[in-house]
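None of these values were measured; they are calculated from a predicted model.
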Amino acid sequence: MEQFTRKILKNRWIIIASVIVLTLFFGYQTRFISINSDIVSSLPDDDPAALLFKNIGNQFGGNEMGMIVLESDNVFKNDLLKHVKQITDSLKITHGVSTVTSLTNILDIKSTEEGIEIGKLVDEYNLPNSQSQLDSLKSYVFSKEMYKGAIVSEDGTATVIMFTLLPDADKQAVAKEIKEKTEALNLPEIIYFGGLPFMVNDVSDLIISDIVWLLPIVFIVIALILYFSFKSLRGVLMPLLTAGIAVIWTIGIMVTAGHELTIILNIVPIILLAVGSAYTIHVINSFNVSKTTDINQTIIKALGYVIIPVVLAAVTTAIGFVSFVLGAYLTMIRDFGIFTAIGVMVSLILAIFFVPALTSVFSKNDNKKTADLTEKKTILSHVILQPLSNLLFKHPKYIFSIWGILMVISIVGMFLIKTSTNMADYFKKDNPTRISEDLMQKKFGGSFPVFVVFDGDVQSPEVLKTMIKTEQFMKQDPNISITQSVADLIEQMNDAMLEGKKIPDDRTKIEQLWFLLDGQDIMPQLVSEDLDRGIIQSKFASVENKEIEAFTKKMQQFIEENSNENCKIELTGMPSVYVRLNDSLIKSQFSSLLIALVLVVIIVGLIFRSFSKGIYATIPIIATILVLFGFMGFTGIPLDIATVLVGSIALGIGIDYSIHFISGFNAHLKENGDAEKAIEKTLLSSGKAIIINVTSVAAGFLVLLFSQLVPLQNFGLLVAISMFGSGLGSLTLLPVILILANRKRKIIAN
C-alpha cells in the first residue's frame with residue numbers, strides 16, 4: 001500500500017492534468033444533453049403492452065392524445081365558437097399533429113327528408129350567430145350521446161379540442177409549440193392543457209428547473225455541513241470538488257453514449273453530490289487523524305488505513321445501483337443503475353488518486369501538529385460518542401429489543417404500501433398540469449386513451465355487434481363514459497334510416513351504409529385500410545391504480561370470453577401500459593433488492609474473510625430498509641418510478657457505515673485483542689466520519705423536498721431517512737450485536 005501511495009505522489013502532476021483534461025472534455029459534452037420525460041418509452045421495445053400500443057399508433061394515425069379545454073360561463077356563444085375554430089385551425093397546420101376534433105369540425109349524422117346526411121355539426125365557415133341558432137345548437141348537442149360529456153361538458157361551461165400526434169412526432173416539442181401558439185392568442189376564456197404530450201412537456205420543464213436551482217442548494221448545504229465538521233477550507237473544497245467533477249464526468253459519459261436525461265436520471269447529479277463526496281470525506285478525515293509534520297508521510301499513513309474500507313464502501317454502493325441493471329424491467333431504471341454506478345466509481349477514483357495528488361501539491365509541511373484537533377474530537381466524543389458507548393455497553397439487550405420491536409411494527413406497515421405509475425401523480429395538487437388533469441376527469445372522462453382492438457372482417461355483422469357489446473360492457477365501469485367506433489357510426493346511420501339503432505343483420509345493408517362513410521376524416525382513425533382491423537376509442541377517468549387494475553382485469557376476462565378466430569380482441573392504451581409499469585415496479589423492487597443484498601454479503605464476507613461479518617454488516621441496513629418500507633406504508637408514500645429505487649440505494653449507500661465500523665473494529669482488535677475496547681475505540685474514531693457522512697448525505701437528499709416533482713420529493717425524504725437509519729444502526733445495532741456475540745463467546749469459553 002505504501003508503494004502504491006508513493007506512485008500516486010510521484011505522478012501527482014500527471015494525475016491532476018489528466019483530471020483537468022477529462023473534466024473539460026466531458027464538460028463540453030454536457031452541452032448536447034437532451035431530455036426524455038416520457039415514462040411509456042421506458043418499457044422495453046418487445047414488451048407486449050408497449051408493442052401493441054405503438055402498433056395502434058402507427059396504424060390509426062397516432063395514440064398520443066392531447067386536450068385543450070376552453071372554460072366559460074356558457075360554451076354556446078359565437079365568440080367562443082370562433083375561438084374554438086382558431087385553435088382547431090392552428091392545430092391542423094402544426095407539424096406532428098395527426099388528427100384534430102372539436103365542436104367546429106366534429107362529424108354529425110342526421111336524418112333528413114331525403115334520407116341521411118353526413119356532415120359537420122356546424123358550418124365552420126358560417127358559425128351560429130343569432131341566439132336562436134345557438135340555442136338550437138345547444139339543444140341538439142345535449143340530445144346526442146356522442147357530444148354530451150364528450151365534446152361539451154354536461155353543464156355547458158366547457159368544451160374540449162382533442163388532437164392526436166403522429167407516431168414519429170416529438171411529443172415534447174409539439175406540445176410546447178401548441179401551448180405557446182394557443183397562449184399567444186390571448187383568448188378571454190380559461191384554457192387548460194391536458195393529456196400525455198402536455199404532461200411530458202411539463203415534466204421536462206420541471207426537470208430543468210430542478211437541476212438549475214436544486215444543485216446549487218445541495219452544494220451550499222453540504223459545504224456548510226463540511227465546514228462545521230472539519231473547520232478547514234480543505235475539508236470543504238475537496239469533497240465538493242471531487243463530487244462536482246464526478247457529476248460532470250458522469251453526465252458527459254451519458255451524453256457521449258447517446259442517452260437522454262429522464263425523470264430518474266435527473267437525480268443522478270444530486271445523488272453523486274451527496275454520495276460521491278463521502279469517499280473524500282473519509283480520506284480527509286483519515287488525513288486529519290494521521291497527521292504528521294510531513295504531508296507526504298501523512299498521506300501515505302492515511303491512505304494505508306482508509307483505502308480498503310473506502311474501496312469496499314464504493315464497490316458495495318455501486319452494487320446497489322448495478323442491481324437495477326440486473327433486476328429492473330424499465331429501461332430508464334436500468335440506465336439509472338448503470339450511470340450512477342459509473343459516477344460512484346469515478347468518485348472513488350478521484351478520492352484515491354486526485355485528492356492525495358492535490359493535497360500533496362497544495363498543502364505545506366507543518367512543523368507542528370494542530371493543537372485543536374484533539375479538542376475537536378473530544379467535544380464530539382463527550383457530546384455524542386462517549387455517552388453512546390456507555391449506553392451500549394450498559395444496556396445492549398434493551399437496545400437490541402427496541403430495534404426488534406421497531407422492525408416488527410415496520411413489517412406490518414409494509415403490507416400497506418401502495419403503487420403509483422400515473423404521470424398525473426408526479427405533479428403537486430396546486431400545479432396547473434394537475435389541475436388540468438382533474439378538470440379533464442371531472443368534465444370529459446379523463447385524458448388517458450383506451451383502445452380495444454378487433455382483428456377480423458370489420459364489415460361483418462358479427463364483428464360489429466361484438467364491438468357494440470364490448471362498448472356496452474366498458475360503459476358499466478364508472479370511469480368509462482364515452483366510447484367511439486365504426487360500429488357506433490353504423491348504428492347511428494341505421495337509426496337515421498328509421499330502421500332502429502342497431503347493427504343490421506344483412507352484410508349488404510352494412511356495405512351500403514359504409515359507402516356513405518367512405519372519405520370521412522374519422523374513418524382512418526377507426527378502421528384499417530384493408531378493413532381487417534377496427535378499434536374502439538375511449539378514455540379512462542380515474543388515476544387510481546386500484547381502479548385501473550380492476551378495469552383491466554375485467555376487460556381481460558371479457559376478452560377471453562368473447563374473442564374467437566373470426567374476431568380476435570385485444571386491449572391496449574394507457575391503463576394497460578400503467579398496469580404493466582406497475583407490475584414491473586414491484587418486480588424491480590424485490591429482484592434488485594435481493595440481488596444487491598446477496599452480492600453485498602458475498603463481497604463484504606470475502607473482503608473481511610468472514611461471512612459472519614458480512615452478515616453482521618448487512619443487519620443494520622436490513623433493519624433500516626424494513627423501517628423504511630414500514631414508514632412508506634403508514635404514511636401513504638407510494639412505490640413509484642422514483643421510490644422504487646430507495647431500497648437498493650439505501651442498501652448500497654448505508655452499508656458503507658457498517659463497513660467502516662467493522663474495518664475499524666478489526667484494526668483495533670488486532671492492536672489490543674480486547675473486543676469490547678476495540679468496539680469503544682471504533683465508536684470514538686470511526687464514529688466522527690460516519691456522523692459527518694450521514695449528515696451531509698442526508699442533507700443533500702433532503703434538498704429534493706423542494707423539487708417540483710412529487711416522486712422526487714418522496715425519494716429525497718426516504719433516502720435521507722434511510723441514511724439516518726443506517727448510520728444509527730451502524731453506531732447502535734451493529735456494536736450491540738458485536739458486544740452480545742463477544743459476551744456469549746466468553747461465557748462459552750468459561
Side-chain angles (χ1 to χ4, degrees), residues 39 263-264 267 270-271 274 320-321 323-324 327-330 333 336-337 403-429 543-546 548-549 578 581-597 618-655 694 697-698 700-707 709-729 733:
I39 187 174
I263 188 173
I264 299 303
I267 57 181
I270 291 174
I271 288 176
F321 294 120
S323 67
F324 295 122
Y329 187 71
L330 302 182
I333 294 181
F336 169 83
W403 273 101
I405 293 169
L406 191 59
M407 284 188 280
V408 171
I409 295 172
S410 299
I411 289 171
V412 175
M414 286 174 59
F415 292 97
L416 303 176
I417 293 178
K418 299 178 181 178
T419 55
S420 174
T421 52
N422 198 318
M423 282 193 73
D425 291 337
Y426 293 3
F427 302 93
K428 298 178 182 178
K429 291 185 178 180
V543 297
E544 294 294 328
N545 271 339
K546 283 186 177 179
I548 291 174
E549 288 176 359
Y578 279 142
L581 289 169
N582 192 55
D583 291 342
S584 72
L585 284 182
I586 296 171
K587 291 176 182 176
S588 295
Q589 180 67 86
F590 288 109
S591 58
S592 61
L593 194 55
L594 182 62
I595 290 169
L597 182 61
T618 56
I619 289 175
I621 193 59
I622 291 172
T624 299
I625 292 171
L626 289 176
V627 171
L628 194 67
F629 287 152
F631 178 80
M632 289 177 66
F634 286 125
T635 58
I637 295 176
L639 193 67
D640 57 33
I641 196 71
T643 57
V644 71
L645 308 172
V646 172
S648 294
I649 291 176
L651 176 61
I653 301 174
I655 196 71
V694 166
V697 172
F701 280 107
L702 282 174
V703 171
L704 285 172
L705 288 174
F706 299 101
S707 170
L709 294 168
V710 174
L712 298 192
Q713 291 179 326
N714 293 334
F715 175 83
L717 175 63
L718 293 175
V719 175
I721 290 173
S722 72
M723 292 302 99
F724 284 120
S726 53
L728 185 63
L733 182 57

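The ring pair (Phe, Tyr, Trp, His ring centres under 6.0 Å) check on Phe336 picks up Phe321, Phe324, with sequence neighbours excluded.
Considering every non-hydrogen atom in both Pro638 and Asn714, the closest pair reads CD-ND2, 4.1 Å. Closest approach of Phe701 to Ala720, counting heavy atoms only: CB-N, 4.3 Å. When all heavy atoms are compared, the tightest approach of Ile417 to Phe629 is CD1-O, 3.4 Å.
Distance check, rounded to the nearest 0.5 Å: OG1 of Thr643 to CD of Gln713 gives 12.5 Å. Atom CG of Leu626 and atom CD1 of Ile621 lie 10.0 Å apart (nearest 0.5 Å). Rounding to the nearest 0.5 angstrom, the gap separating the CZ atom in Phe715 from the CD1 atom in Ile271 is 4.0 Å. One distance of note links CZ of Phe706 with CG of Leu712; it measures 14.5 Å at 0.5 Å rounding. For the atom pair CD1 (Ile405) and OG (Ser410), the distance works out to 11.5 Å, reported to the nearest 0.5 Å.
Crowding of Lys418 atom NZ: a count of heavy atoms from other residues, nucleotides or ligands under 6.0 Å not exceeding 12.
Remark: the backbone N or O of Ser726 is paired with a side-chain donor or acceptor of Thr624 at under 3.5 angstrom.
You'll find the side chain of Ile637 reaches within 4.5 Å of the side chain of Leu718, heavy atoms only. Within the 4.5 Å cutoff, no side-chain heavy atoms of Val412 are placed close to those of Ile409. No side-chain heavy atom of Ile619 sits less than 4.5 Å from a side-chain heavy atom of Trp403.
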